[in-house]
Structures are given as C-alpha cells and as structure tokens.
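Numbers restart at 1 for each chain; the letters A, B, ... are given by sequence-line order, proteins then strands. Every value quoted in this text rests on a predicted model; they were computed, and no experiment measured them.
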There are 2 protein chains.
Amino acid sequence: MTEYSAPTRRPTIKEVARLAGVSHQTVSRYLKSRQGLRPATLERIDVAVEELGYRPNLMARSMRTRRTGRLAVVMPVTTYNQARLLSGALAAAHEAGRVVEVVSVEGSAATLTERVLELAGSGQVDGVLSLTPMAAGNGHNLPSGAAVVVTPEFDDAMRSIGELTDATPVTELIERLANLGHRRFLHVAGDQAFASARARKVAYLEAIDRFGLESVGVSDGDWSGESGVEAILQLDADRLPTAVIAANDVVASGVVRGAYERGLDVPGDLSVTGWDDNELCRFLPPSLTTVRINLEGVGRNAALRLIKAVGGPELEPWSGPVAEVIWRESTAPPRQSTDSSPVGSR
Amino acid sequence: MTEYSAPTRRPTIKEVARLAGVSHQTVSRYLKSRQGLRPATLERIDVAVEELGYRPNLMARSMRTRRTGRLAVVMPVTTYNQARLLSGALAAAHEAGRVVEVVSVEGSAATLTERVLELAGSGQVDGVLSLTPMAAGNGHNLPSGAAVVVTPEFDDAMRSIGELTDATPVTELIERLANLGHRRFLHVAGDQAFASARARKVAYLEAIDRFGLESVGVSDGDWSGESGVEAILQLDADRLPTAVIAANDVVASGVVRGAYERGLDVPGDLSVTGWDDNELCRFLPPSLTTVRINLEGVGRNAALRLIKAVGGPELEPWSGPVAEVIWRESTAPPRQSTDSSPVGSR
DNA sequence: ACAGCCAAAGTGAACGTTCACTATTCTGTA
DNA sequence: TACAGAATAGTGAACGTTCACTTTGGCTGT
C-alpha cells in the first residue's frame, strides 16, 4: 500500500560545473577520481555537488563508456520463502516486459529504508519493490524519482493483506483444534520485530478470546528451534496446554523435541502446529500440521502493484488462496477430552 | 570454468537505415510500433535488421526516454540453498561496485542456455553468471559481447569444484560410519539429471569400493521424501543395510519414516545421513546427521570469477571449508557391531 | 485543374556523460 | 627574468536513441 513517488528533474554535470565556476569536463574528472585537481577547485565542486544534490546519471555514463556495471545472475526458480516471493515477482515483471534487479540488503529497518530510498533516487530504476520492512511512516516521501512499493506482508505498519494472510490461518487452526476438544493453548511467537510474528500473536490472542478458550501464555521467541524447546520445558507441570501454536515449523519442531524431553507424546498429550510447510514437515514423526503460504502469489501481486505504479500494463493478479492449513499427524484430539462440543464460529 | 566472451561492435539504427535506404527516424518508428509505415518500407527494414543482426541499444534508449524498464526488488538475505548462493554472489558483486540483475529461468538445459546467451548478447550486462546448468560444450562461444561464467557446481560437465564439494563429504560420512562398525550401506540418490546427484552417487560407489564395504544397492530417487520411504520399504528383509546415505535431508527424513514403518529404529537399526542442513534437522527425533554446504562461499567465488572476467577488481575469495559434516543423533554404531576395527583411509 | 489534407518519411537537436584534444596556469631552474 | 615542462583546466565531438518539427507526395473533392 505504501507508495512514495515523484518525477523531479535531476541536476546535470553542467549545472554543477556552472555553479562551481568550472567546465563540465573538470566535474567529470572530479567524478572519476578526484585527482589532478587543485584543492580549491575540488572544494568548490564538492560544495556545488552537495548543494544541488547531484548524482551522476549512470545511464548516460553507461552509454558513453559502453559498460553497464551490471552483472546478471541467472538462476532457476527456487522454492524457499523469500526466494519464492522473489520468484513470483520476477515472473510478473517479466510478463510486463520489465527487467528486475535484485538488491540484497541487511541491517536495521532504518538502514534498509535508507538503502531503498537511495535506490529509488538513483535514477537507475523506475520503481522499487521492497520485500523488506521499512521504517514506519516518517517524512521519507521526499521526491525520489521512482515509485516505491512496500509489501504489506513485510510492512511494519501491518494492514489489509497482512491480516488476511496471517490472521485467518491462525484462527482456522485454533477453531479446528477447539472443535477437536482442545481448551488450553500456548503460543510460541516469533521475533516480535517482524510484522508477521506480531500479526500471528495478535491473531492468536483474538482467537483465544473469541472462542472463549484458555491461553497458558505467549512465549516470545526468536524463530529458533531452541525457543520452542525452551517454551515447553519451562511450562508449569500442573497447567500444561494441550495444543501449541508455533510461530513457524522450526519453532514447532523445537516444541515437539521439548515435549519428548518432558515425556509428553505428540499428538497424544500435545498437539503442535507450525507455519511455512517446510519440506521436511510431511516426514517428521509425527508429520507436522502447518500453514502453506502461496508466496509466489503474494510476490506476484506485490510486483503487480509496482508495475501499475510505474505505468506498466495491468496484469492478472493471483486471486487464489494465499494461505492454506495442512492438517497432519501432529494435531489430534486431546487424550482425555473433557468437552468436545463444537465452538461457535464468530 | 566455462567462459564465453567477445567484444564486438554492434550495428546502430543508422546503419540499418542506410542499408534499408530510409532515414534513421523511420527505423526508430519501426522499432517503436511498426505502424504508420508502408508495407514495402516495413519489409525493407525487416530485411536490413535481419541482415545486420541489429538489436536496439537499450542503454541509449533509456537515456533518451528516461525510463529504464527496470524494477528493483530489495530483499533481505535469504538462507536457503540457491538463495544462499545468490546472496554470496550479490555480496561479492556489490563489493566490486557492480549491480546485479537476477533473471529467473525455467525450462530445459537448451532453453536455459539460449536465454543465457541472449542475455549476454543483449548489451544490457557486462557479464552473466549462470547458476544453472548449460547445455554442454556446443559451438555457443559465438561473439556475445559479455563474459559468461557457469558455476561448476551446476555445470553439467562436472569438474573440479563439483568433485571437491560433493565427493569429500560423502567419503567422510562413509569412512566415519565404517569406523563405527557399519559394513552394509544403501544410497538413496537424487534425480540423476542433476550433476550434484550424480556426483554424490559416484562418490558413494567409490567410497564403498575403496573401504571394502558392501552396498545393498543404489536407489535412484528424485529428491523426494517419498523416494526415501520407498527405498526402505522395498528392501529385502534378510539383507538390510545398517546405514543409509540419503541424497538430501528430505530424502533422509523419508528414509527415517520408512524405517519406522518397518519397525526399524533409527539409529539403533539404521543410521541415516542427509545433506543440506535443513533448519529442522537439529530438532527431528532423532536429529539428523547432515552436510552443511557453504553456499554463500560458493556463490561468492563464482561471482569473483565473473568479476575478474569482466575486468573488475580481484577480491578476496572465500577459502574456508565449503562443506562440513554435522554429526547428530541419526548416526550411531550399528546395534550388534560384528567388527569395529578402523577402516584404512586411502 | 487546383487547393486542401493526410499519410509517410526526413531533419536536426537533445538526452548527460566521457574522450581526445587543446589551452592555460603554475613551478623550478638556468 | 625567462623558459621548459608539468599540472590543471577547457572545448567540442561523440555515444545511439527518441522527440519535435518539417517536408514530400499522393489522393480527394469541387
């Protein structure tokens, strides 16, 4: 949803030259190496560049030098999480006749945001699709020259799609488990710095509340298997849950392991659900109930928003289900079901 | 290792115009929409374009139109297989001041090869790093304008690095298992269309031979968990192996599941090894012995070769271990070890 | 037969750099 | 003081397109 934009003419080498009182070629030299220039000249150009906010036009440079500074990496469509998102976005962009450049980033949300905006302002791209969370609504909507679209999936300010993809399956998991007779739940959450982790946590609490169930708590984790193990081991023996909603499959497998260490049977004593449908889920003993997200679809739709924002063609969005719960062996009715009357939905 | 290259001046719009006996602007129009031109003119240009092998210079076009036709996708470093390779390559390219464009491809090796060469010849990139197998040594080294580097990791004609990364860990796995007392092995291979699957199979057979062990066979699979389950279920009850080398973690978890279905204990009756170090491996019951590949390192080194090929700076390659065996619970001495004298290495 | 018009094609400039020269200014030494 | 030679700066063209105009030519209608 978040979309920064702006068409603003950028200063050229000649304007910098005029402001600095030198020739354009001198500025060119300055750009190339900053060498062979008198300190005074250097400084004047420095000032002019700073003042105009000059950034070289890399297209023009490439044209002249016949070097693009670009490499291409060709790789098969991968099948894992972010890679899947990317894959969907790439396919859509290709359909729209666009070339995609992937920039890998790391660091804090603030760093990321800066990097994204720099990219948008670089004049190298028509638009930027950020599959990474951006620092929330700051004054960043400054003229940047390119459209920026941030996936709600990853946006720190969680909105529509985020709730859609995240809340629904959690509710579905809990409702079904409640119908199987479960009354006491535990949620092992993911790193709360992630919007998806927060959304799942919120959805968990809401569902518990809505269906009138009991939560023995929410264990704030960090997406790690250890956090799952820990969460189980620390539980009060006389108030154990019968079902655990884990933030993802790794956490869930940690939960299962923790349960075994305490002598609890899964799913006999404890039902466990994961998230992501890791390839191994189907073969674990017990095979893990999980949520499969159509990341390619999400990626495609995100790309479509960007393509539209930069004036590209309107393509067919993915309109099928985004999330799907896969029920497997790790979920079953609790051993001594005290009450299995259906829970009212809504 | 494979490196195609060639610097060749490409024809321009004016040359096409001259050959077709029209003005450059007419060719420009032809390029834009092929409309508003008399059929005869159209045809003449068609012929000229064909004859010269003309392809528009997209840099020049972008410069004039101020549209790049490029989108950027910004994403966090991912942690899975190809994404990890990509991540390493991206980091290296960034260090060398290069921008990377990722093109996702699918289809047969021939299609891929064509796509890669087209990309190389498009003038849009300085070089192409192919992390995908290319059709083996054909006459494709035609002047393409950009360097092409194919990762041996993925090259169909397996060479040095491939052997290095694939053979060594298999040998290490088998040697250690043999030292634990295992004598009878099974290999559940991956899809033999993949170089890596073939390499692991070859390495398995060589190790069995070198250490004087017994193999109850090689089950050719398809990287799926089912292939692992099947392989175990079909085994002759009176000639069971005590150790299984699975092509990857998914296959291995299938093997474990198959073993349980047959009432075999892992690792009591059967030791199992995987490959890839899937995040869930550590938490499976039993946690899975596997091989961790430093894909970022491999990706980096591949990118370094390309960067060097296109005249970029020489960066520090990753020189640490590429593969590492992680020993976990799924491997142990066989229940009734008949003989545990160490196996001679070499 | 001729003005009027539309389609088809042409002309030259412009996009923002860098390249290959040429011109100017400094520096040190005879 | 003068002069060579380096160091520094400037000039104009070129890269390959597309844009905004202008020109040409064929056809229509009166």
Side-chain angles (χ1 to χ4, degrees), chain A residues 7-46 48-49 52-70 121-126 145 311, chain B residues 7-46 48-49 52-70 97 99 121-126 145 311:
Chain A
T8 175
R9 225 189 64 74
R10 303 171 58 191
T12 77
I13 206 176
K14 298 205 174 174
E15 303 179 55
V16 173
R18 186 148 39 78
L19 184 59
V22 299
S23 79
H24 64 113
Q25 172 56 13
T26 301
V27 178
S28 178
R29 268 191 275 266
Y30 163 95
L31 254 30
K32 193 170 185 184
S33 66
R34 295 179 67 99
Q35 274 167 11
L37 298 185
R38 234 178 325 168
T41 314
L42 208 60
E43 166 122 11
R44 278 207 317 252
I45 303 182
D46 266 335
V49 164
L52 293 176
Y54 170 81
R55 305 264 291 289
N57 179 325
L58 301 181
M59 306 254 59
R61 175 179 295 172
S62 304
M63 169 165 166
R64 184 71 245 237
T65 59
R66 299 161 155 292
R67 329 206 82 243
T68 57
R70 277 203 173 76
S122 74
Q124 282 286 82
V125 296
D126 289 341
Chain B
T8 175
R9 223 188 66 74
R10 301 171 59 192
T12 77
I13 207 177
K14 298 205 174 175
E15 303 179 55
V16 172
R18 188 146 39 76
L19 183 57
V22 298
S23 78
H24 63 112
Q25 173 57 13
T26 301
V27 177
S28 178
R29 270 191 274 268
Y30 162 94
L31 254 30
K32 194 172 187 186
S33 67
R34 297 181 64 101
Q35 274 167 12
L37 297 184
R38 233 176 325 168
T41 314
L42 209 62
E43 165 123 13
R44 278 210 313 257
I45 303 182
D46 266 334
V49 164
L52 292 175
Y54 170 80
R55 304 265 288 291
N57 179 325
L58 301 181
M59 307 255 59
R61 175 179 294 170
S62 306
M63 170 165 166
R64 184 70 246 237
T65 59
R66 299 163 155 291
R67 329 207 82 242
T68 58
R70 279 205 171 76
V99 180
S122 74
Q124 281 287 82
V125 296
D126 289 342

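We find that CD of A:Glu15 is positioned 10 Å from P of C:dC15, with the value rounded to whole Å. The CD atom of A:Glu43 sits 18 Å away from the C1' atom of D:dA9 (whole-angstrom rounding). Rounded to whole angstrom, the span from the CD atom of B:Gln35 across to the P atom of C:dA7 amounts to 13 Å. Protein atom CZ of B:Arg34 is 13 Å distant from nucleotide atom P of C:dA9, rounded to whole Å. A:Arg18 has its CZ atom 14 Å from the P atom of D:dT11, to the nearest Å. Taking atom CG of B:Leu42 as the reference point, atom C1' of C:dA9 lies 14 Å away to the nearest angstrom.
A distance-only check finds no donor-acceptor pair linking the side chain of B:Glu43 to the backbone of B:Ala40 [under 3.5 Å]. Judged purely by atom type and a 3.5 angstrom limit, A:Ser28 has no side-chain atom pairing as donor or acceptor with the backbone of A:His24. A donor-acceptor pair under 3.5 Å is absent between the side-chain atoms of A:Thr41 and the main chain of A:Leu37, judged by distance alone. Proximity of a side-chain donor or acceptor of A:Arg10 to a complementary backbone N or O of A:Arg55 within less than 3.5 Å is detected.
Two residues are said to be in side-chain contact when any heavy atoms from C-beta on lie closer than 4.5 Å; B:Leu19 and B:Arg44 fail this criterion. Between A:Val49 and A:Tyr30, the closest side-chain pair of non-hydrogen atoms falls below 4.5 Å. Residues B:Arg61 and B:Leu31 form a side-chain contact, since some pair of their non-hydrogen atoms from C-beta on lies under 4.5 Å apart.
Proximity of B:Ser23 to the phosphate of C:dA9: no side-chain N or O atom is located under 4.0 Å from OP1 or OP2.
Taking the C1' atoms of five terminal pairs at each end of the helix from C:dA1-D:dT30 to C:dA30-D:dT1, the two resulting helix axes are inclined by 50°, rounded to 10°.
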Identify all pairs in which a protein N or O lies below 3.5 Å from an N or O of nucleotides 16-18 of chain D, and state each distance.
| from | atom 1 | to | atom 2 | distance (Å) |
| --- | --- | --- | --- | --- |
| D:dG16 | OP1 | A:Arg66 | NH2 | 2.3 |
| D:dG16 | OP1 | B:Arg9 | NH1 | 3.3 |
| D:dT17 | OP1 | B:Tyr54 | OH | 2.8 |
| D:dT17 | OP1 | B:Asn57 | N | 3.0 |
| D:dT17 | OP2 | B:Ile13 | N | 2.6 |
| D:dT17 | O5' | B:Tyr54 | OH | 3.4 |
| D:dT18 | OP1 | B:Arg61 | NE | 3.0 |
| D:dT18 | OP1 | B:Arg61 | NH2 | 3.4 |
| D:dT18 | OP2 | B:Ser28 | OG | 2.6 |
| D:dT18 | O2 | B:Arg64 | NH1 | 2.7 |
| D:dT18 | O4 | B:His24 | ND1 | 3.4 |

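Distance check: A:Leu52 CG to A:Glu15 CD gives 6.5 Å after rounding to the nearest 0.5 Å.
For A:Met59, the side-chain contact (heavy atoms from CB on, under 4.5 Å) partners at least two apart in sequence or on another chain are A:Asn57, A:Gln124, B:Met59, B:Ser62, B:Thr68, B:Arg70.
Within 4.0 Å (heavy atoms only), A:Leu58 reaches no atom of the nucleic acid at all. Residue B:Thr41 is classed as a sugar-phosphate contact, given heavy-atom separations below 4.0 Å to backbone atoms only.
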